[in-house]
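Structure first, commentary second.
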Amino acid sequence: MADMRAFRDAVGEWAGGGCGGEAGELAVRLGVRTAVLLEGLSDLAAVEALAERRGRDLASEGVCVLSMGGAMNVGRYAGLLGPPGLGLRLAGLCDVREEPFYERGLQRAGAPYRDFFVCVADLEDELIRALGTARVEEIVRDEGDLRAWQTFLRQPAQDGRPRHQQLRRFLGTKKGRKIRYGRLLVEALEPERVPAPLDDLLTSL
């Protein structure tokens, strides 16, 4: 039986230059009504983790959460999935420095910008500030990454940097770490501490 993962894979192939027929067929079969466009897999992990915490089954609601593999791809995905393509409602998150790419890409696709929410730096930064650096360091320790964290802090480039910037950089120093911590940080949040962009996105879906 087809599932939302199959649709996600089909969209990825389409965006990479393949045929869109399978994506279109799956969209109809699965009742997809909304595509959530996210820059990377760590953002996807965080959105899915918050949805699960709130008892939401996004797939059954016709919502597909997609990683575009970079903000520069937003125009391509908006064109394929928005009004010029499958006609889905579009929503998502973007980093403040990437906002112009989103605005231009969505405008070209004739898609509204109202359901895209802006993170001050990026989602990891939002989560670290929401939890506080001490709590994030506890999570790093509990995950068995304390030695790697201590080694990272001894690097000359980290000398004098604010702790939240050090943590944000640390999460991106090993493949897969940002994805893993995207989920872990969301799971550690108190309900009232969910960053506004993430909270607003889930509320809009």
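Positions are given from 1, in the same order as the sequence printed here.
- Using a 4.5 Å cut-off between side-chain heavy atoms of Ile, Leu, Val, Met, Phe, Trp and Tyr, with links allowed through other members, Val36 and Phe116 fall into different hydrophobic clusters.
- Separating the OH atom in Tyr181 from the CG atom in Leu171 is a distance of 7.0 Å, to the nearest 0.5 Å.
- In this structure the side chain of Arg135 never reaches within 4.5 angstrom of the side chain of Leu185, judged on heavy atoms.
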Check step by step if side-chain contact (heavy atoms from CB on, under 4.5 Å) holds for Glu138 and Arg141. CA-CA 5 Å; Glu138 287 179 5; Arg141 181 198 64 211; 4.2 Å; yes
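- Atom CZ of residue Arg183 and atom CZ of residue Arg180 lie 13.0 Å apart, to the nearest 0.5 angstrom.
- With contacts defined as side-chain heavy-atom distances shorter than 4.5 Å, the pair Ser204/Arg89 qualifies.
- Here the CG-CD distance, from Asp57 to Glu48, works out to 10.5 Å after rounding to the nearest 0.5 Å.
- Closest approach of Leu153 and Gln158 over heavy atoms only: O-CB, 4.1 Å.
- Within the 4.5 Å cutoff, side-chain heavy atoms of Asp125 are placed close to those of His164.
- A donor atom on one side chain and an acceptor atom on the other are not found under 3.5 Å apart for Gln150 and Arg147.
- Here the closest heavy-atom approach between residue Cys94 and residue Tyr113 is recorded as SG-OH, 3.8 Å.
- Closest heavy-atom contact between Cys64 and Phe7: SG-CD2, 3.5 Å.
- Note that the NZ atom of Lys178 and the OG1 atom of Thr173 stand 10.5 Å from one another [nearest 0.5 Å].
- Note on Val74 and Val47: separate hydrophobic clusters, where clusters join Ile, Leu, Val, Met, Phe, Trp and Tyr whose side-chain heavy atoms are under 4.5 Å apart, directly or indirectly.
- Taking every heavy atom of both residues into account, Leu123 and Ala46 meet most closely at CD2-CB, 3.6 Å.
- Tested against Val11 for a side-chain contact (heavy atoms from CB on, under 4.5 Å), the candidates Leu80, Leu26, Val32, Leu66 yield a single pass: Leu66.
- Hydrophobic clustering, with ILVMFWY side chains joined whenever heavy atoms are under 4.5 angstrom apart, groups Phe117 together with Leu58.
- Residues Asp122 and Glu98 are not in side-chain contact: their nearest non-hydrogen atoms beyond the backbone lie 4.5 Å or more apart.
- Interatomic distance, Glu52 CD to Glu187 CD, rounded to the nearest 0.5 Å: 7.5 Å.
- Under the 4.5 Å side-chain contact rule for hydrophobic residues, Met68 and Leu90 share a cluster.
- A salt bridge between Asp9 and Arg5 is absent, with no side-chain N of the basic residue lying under 4.0 Å from a carboxylate O of the acidic one.
- Heavy-atom minimum distance, Gly110 versus Pro83: O-CG, 3.4 Å.
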Intermediate values then yes/no, side-chain contact (heavy atoms from CB on, under 4.5 Å), Leu184 and Asp142: CA-CA 11 Å; Leu184 290 168; Asp142 293 344; over 6 Å; no
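- The shortest distance between side-chain heavy atoms of Arg33 and Leu88 does not fall below 4.5 Å.
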Verdict with reasoning, Gln166 to Arg163, per side-chain hydrogen bond (donor to acceptor under 3.5 Å, both in side chains): CA-CA 5 Å; Gln166 292 172 332; Arg163 192 59 119 207; 2.9 Å; yes
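- Remark: Arg177 is positioned above the aromatic ring of Phe170, its terminal NZ or CZ atom under 6.0 angstrom from the ring centre and at most 45 degrees off the axis.
- By the neighbour-count criterion of 12 heavy atoms within 6.0 Å, atom CG of Asp159 is sparsely surrounded, having that number or fewer from other residues, nucleotides or ligands.
- Between the Arg56 side chain and the Leu202 main chain, a donor and an acceptor come within less than 3.5 Å of each other.
- Within the 3.5 Å criterion, the main-chain N or O of Leu131 finds no donor-acceptor partner in the side chain of Arg193.
- Put simply, Phe152 and Ile128 are part of the same group of oily side chains (I, L, V, M, F, W, Y) that touch within less than 4.5 Å, one to the next.
- Side-chain contact between Leu86 and Trp14: present, with at least one pair of heavy atoms (C-beta onward) separated by less than 4.5 Å.
- Side-chain atoms of Thr203 and Arg54, non-hydrogen and from C-beta on, do get closer than 4.5 Å to each other.
- Rounded to the nearest 0.5 angstrom, Leu50 CG and Leu198 CG are separated by 4.5 Å.
- At a threshold of 4.5 Å between non-hydrogen side-chain atoms, the residues Pro191 and Arg53 count as touching.
- For the residue pair Glu39 and Tyr102, no side-chain donor N or O sits within less than 3.5 Å of a side-chain acceptor on the partner.
- Across all non-hydrogen atoms, the minimal contact from Ala109 to Gly79 is CB-N, 3.9 Å.
- Heavy atoms of other residues, nucleotides or ligands lying less than 6.0 angstrom from CD of Gln107 number 12 at most.
- No donor-acceptor pair closer than 3.5 Å links the side chain of Asp199 to the backbone N or O of Val194.
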